[in-house]
2 protein chains.
Amino acid sequence: MGFFSKTCEYALRAVMYIAAQSSDGRKVGIKEVADRINSPAHFLGKILQNLSKEGLIQSTKGPQGGFYIEPDGLKRPLADIVIAIEGTRFLNGCGMGLSYCSQENPCPLHDDFKEIRARLNIMLHKTTIGQFNEKLIQGVLTLNK
Amino acid sequence: MGFFSKTCEYALRAVMYIAAQSSDGRKVGIKEVADRINSPAHFLGKILQNLSKEGLIQSTKGPQGGFYIEPDGLKRPLADIVIAIEGTRFLNGCGMGLSYCSQENPCPLHDDFKEIRARLNIMLHKTTIGQFNEKLIQGVLTLNK
DNA sequence: CCTATAAAAGACATTTTTGTCTTTTATTAA
DNA sequence: TTAATAAAAGACAAAAATGTCTTTTATAGG
Ligand code: FES
Ligand code: FES
């Protein structure tokens with residue numbers, strides 16, 4: 001289907017939305033997030049719950065509660081989200097599905113694929129969760145189809 | 001999970017194996033292919049059946065029958081396999097799951113992602129199905145974990 | 001024609017992903 | 001303390017991906 005799984009797509013969009021909103025200390029409810037990133041609310045709830053367990057986002061229950069991200073969290077790389085959801089094989093594994101990627105026993109795509117995989121890793125590790133806050137607030141970037 | 005789906009991984013490995021074997025006119029049975037690329041035989045059967053309908057590989061039933069690839073087929077790009085299985089969105093779509101990738105309404109990852117996606121497309125379009133035949137026959141490259 | 005072979009086709013079964021709905025728990029504020 | 005709020009948690013349900021097994025169809029060769 002897509003490049004990332006639906007779960008991962010929702011997670012990336014949601015975390016970026018929460019990041020932008022919490023840049024000025026605001027907490028956001030699951031309903032609002034789901035609305036703004038165009039995802040099923042309850043399903044997103046589960047996803048955010050997991051990311052919260054991993055410490056990638058924070059949450060508080062009750063009135064005035066909601067999801068938010070601590071200042072330090074805004075500096076974490078997107079790779080943390082992708083790895084939390086897709087696992088490490090997505091970013092390290094052999095493109096042709098061999099049990100592990102190796103120089104000694106390479107699959108046919110190894111040489112080209114490892115280059116692309118490396119670039120993907122670089123992108124996801126250099127890009128931080130909070131990096132797009134201003135542009136998201138300005139409305140220059142889109143999160144909802 | 002993996003970068004490509006299991007189905008696509010099996011397809012890539014199987015087609016390359018068949019390509020190498022049919023470079024000298026030999027046909028191979030499903031059992032042999034499944035064995036050599038380490039995949040469930042019946043499931044692979046379905047996959048190859050589909051690729052056969054698409055004309056990406058050929059097959060004949062009966063004694064001395066099996067799967068093979070016509071000389072022209074060896075020149076086709078791997079992209080044909082990936083597109084047949086994963087669909088076009090995998091290679092063209094927005095990385096964050098927006099309904100389509102656009103310059104005008106970009107998602108936060110758009111600039112970096114389109115570059116990586118382009119490289120992936122280049123790799124899959126420049127690489128042909130028969131390109132690894134010699135090395136596969138020599139045993140320099142691996143298809144079974 | 002008959003038989004053996006091997007893919008095609010179809011029927012299921014299992015697992016994973018994706019999605020919905022309800023109940024519980026924690027927190028705030030009145 | 002009570003009521004309202006909002007996430008956490010749990011129970012399901014639907015759909016898709018993955019996998020297994022059986023039957024049918026086509027073909028080569030005796
Ligand atoms: S062995 Fe397949 S990508 Fe390295
Ligand atoms: S809009 Fe998301 S990759 Fe182009």
Side-chain angles (χ1 to χ4, degrees), chain A residues 1-15 17-18 21-22 26-35 37-69 82 84-87 89-90 97, chain B residues 1-15 17-18 21-22 26-35 37-69 82 84-87 89-90 97:
Chain A
M1 254 253 352
F3 190 84
F4 296 114
S5 67
K6 285 269 182 209
T7 303
C8 192
E9 289 175 353
Y10 294 154
L12 287 169
R13 305 214 297 270
V15 168
Y17 178 77
I18 296 169
Q21 297 305 310
S22 47
R26 207 164 81 78
K27 289 171 193 152
V28 288
I30 183 73
K31 196 74 179 298
E32 174 185 337
V33 181
D35 240 48
I37 71 162
N38 189 35
S39 78
H42 285 104
F43 186 44
L44 182 60
K46 295 297 177 116
I47 298 170
L48 295 185
Q49 188 179 317
N50 287 333
L51 295 179
S52 174
K53 277 181 195 157
E54 305 262 350
L56 280 161
I57 64 177
Q58 286 72 45
S59 71
T60 60
K61 296 179 179 178
Q64 311 310 318
F67 294 96
Y68 62 101
I69 298 176
V82 174
I85 289 168
E86 306 278 21
R89 176 157 299 188
F90 186 87
Chain B
M1 254 251 356
F3 190 85
F4 295 113
S5 66
K6 285 267 181 209
T7 302
C8 191
E9 290 175 352
Y10 294 154
L12 287 169
R13 304 213 298 269
V15 168
Y17 178 78
I18 296 169
Q21 296 306 310
S22 47
R26 206 163 82 78
K27 288 172 194 154
V28 288
I30 182 73
K31 196 72 179 300
E32 174 184 337
V33 181
D35 240 48
I37 71 161
N38 191 34
S39 78
H42 285 103
F43 186 45
L44 183 60
K46 296 296 177 117
I47 297 169
L48 295 185
Q49 188 178 317
N50 288 333
L51 294 179
S52 175
K53 277 180 193 157
E54 305 261 350
L56 280 162
I57 64 177
Q58 286 71 46
S59 72
T60 60
K61 295 180 180 179
Q64 311 309 319
F67 293 96
Y68 61 102
I69 298 176
V82 174
I85 288 168
E86 305 280 21
R89 176 157 301 187
F90 185 87

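Proteins get letters first, then strands, A, B, ... in listed order; numbering begins at 1 in each. Just so we're clear, the structure is a prediction, and the values are computed from it rather than from any experiment.
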>> By the 4.0 Å heavy-atom rule, please label B:Tyr10 as base, sugar-phosphate, or nothing.
In response: sugar-phosphate

Pairwise N/O distances under 3.5 Å, protein to nucleotides 11-17 of chain C:
none

> Hey, where on DNA chain D does chain B first and last touch, going 5' to 3'? Cut-off is any atom under 4.0 Å from a heavy atom.
Replying inline: D:dT18 to D:dA28

> Which part of the nucleic acid, if any, lies within contact of A:Val33, taking any heavy atom under 4.0 Å across all strands shown: a base, the sugar-phosphate backbone alone, or nothing?
Replying inline: nothing

> Got a second to check how far A:Phe67's CZ is from A:Ile18's CD1, nearest 0.5 Å?
Replying inline: 6.5 Å

>> Which is more 5' along DNA chain D, the nucleotide nearest A:Gly45 or the one nearest B:Gln64? Just name the residue.
In response: A:Gly45

> In whole Å, what is the span from the CZ atom of B:Phe67 to the C1' atom of C:dA6?
Replying inline: 9 Å

Give the table of side-chain donor-acceptor pairs shorter than 3.5 Å for residues 51-58 of chain A, with sequence neighbours excluded, one pair per line with atom names and distance.
unit_1: A:Gln58; atom_1: OE1; unit_2: A:Glu70; atom_2: N; d: 2.9
unit_1: A:Gln58; atom_1: NE2; unit_2: A:Gly55; atom_2: O; d: 3.4

>> Among residues at least two apart in sequence or on other chains, which ones pass side chain to side chain donor-acceptor pair (under 3.5 Å) with B:Glu32?
In response: B:Tyr17, B:Arg26

Donor-acceptor contacts under 3.5 Å from residues 3-15 of chain A side chains, at least two apart:
unit_1: A:Ser5; atom_1: OG; unit_2: A:Cys8; atom_2: N; d: 3.2
unit_1: A:Ser5; atom_1: OG; unit_2: A:Glu86; atom_2: OE2; d: 3.2
unit_1: A:Arg13; atom_1: NE; unit_2: A:Ile37; atom_2: O; d: 3.1
unit_1: A:Arg13; atom_1: NE; unit_2: A:Leu143; atom_2: O; d: 2.9
unit_1: A:Arg13; atom_1: NH1; unit_2: B:Met96; atom_2: O; d: 2.8
unit_1: A:Arg13; atom_1: NH2; unit_2: A:Ile37; atom_2: O; d: 2.7
unit_1: A:Arg13; atom_1: NH2; unit_2: A:Asn38; atom_2: O; d: 3.2

> What distance separates A:Met1 CE from B:Phe90 CZ, expressed to the nearest 0.5 Å?
Replying inline: 10.5 Å

> Under the side chain to side chain donor-acceptor pair (under 3.5 Å) test, which residues partner A:Tyr68, sequence neighbours left out?
Replying inline: none

> What distance separates A:Ile47 CD1 from A:Leu44 CG, expressed to the nearest 0.5 Å?
Replying inline: 5.5 Å

> By a strict heavy-atom criterion of less than 4.0 Å, which residues belonging to residues 50-62 of chain A are in contact with DNA chain D?
Replying inline: A:Ser52, A:Lys53, A:Ser59, A:Thr60, A:Lys61, A:Gly62

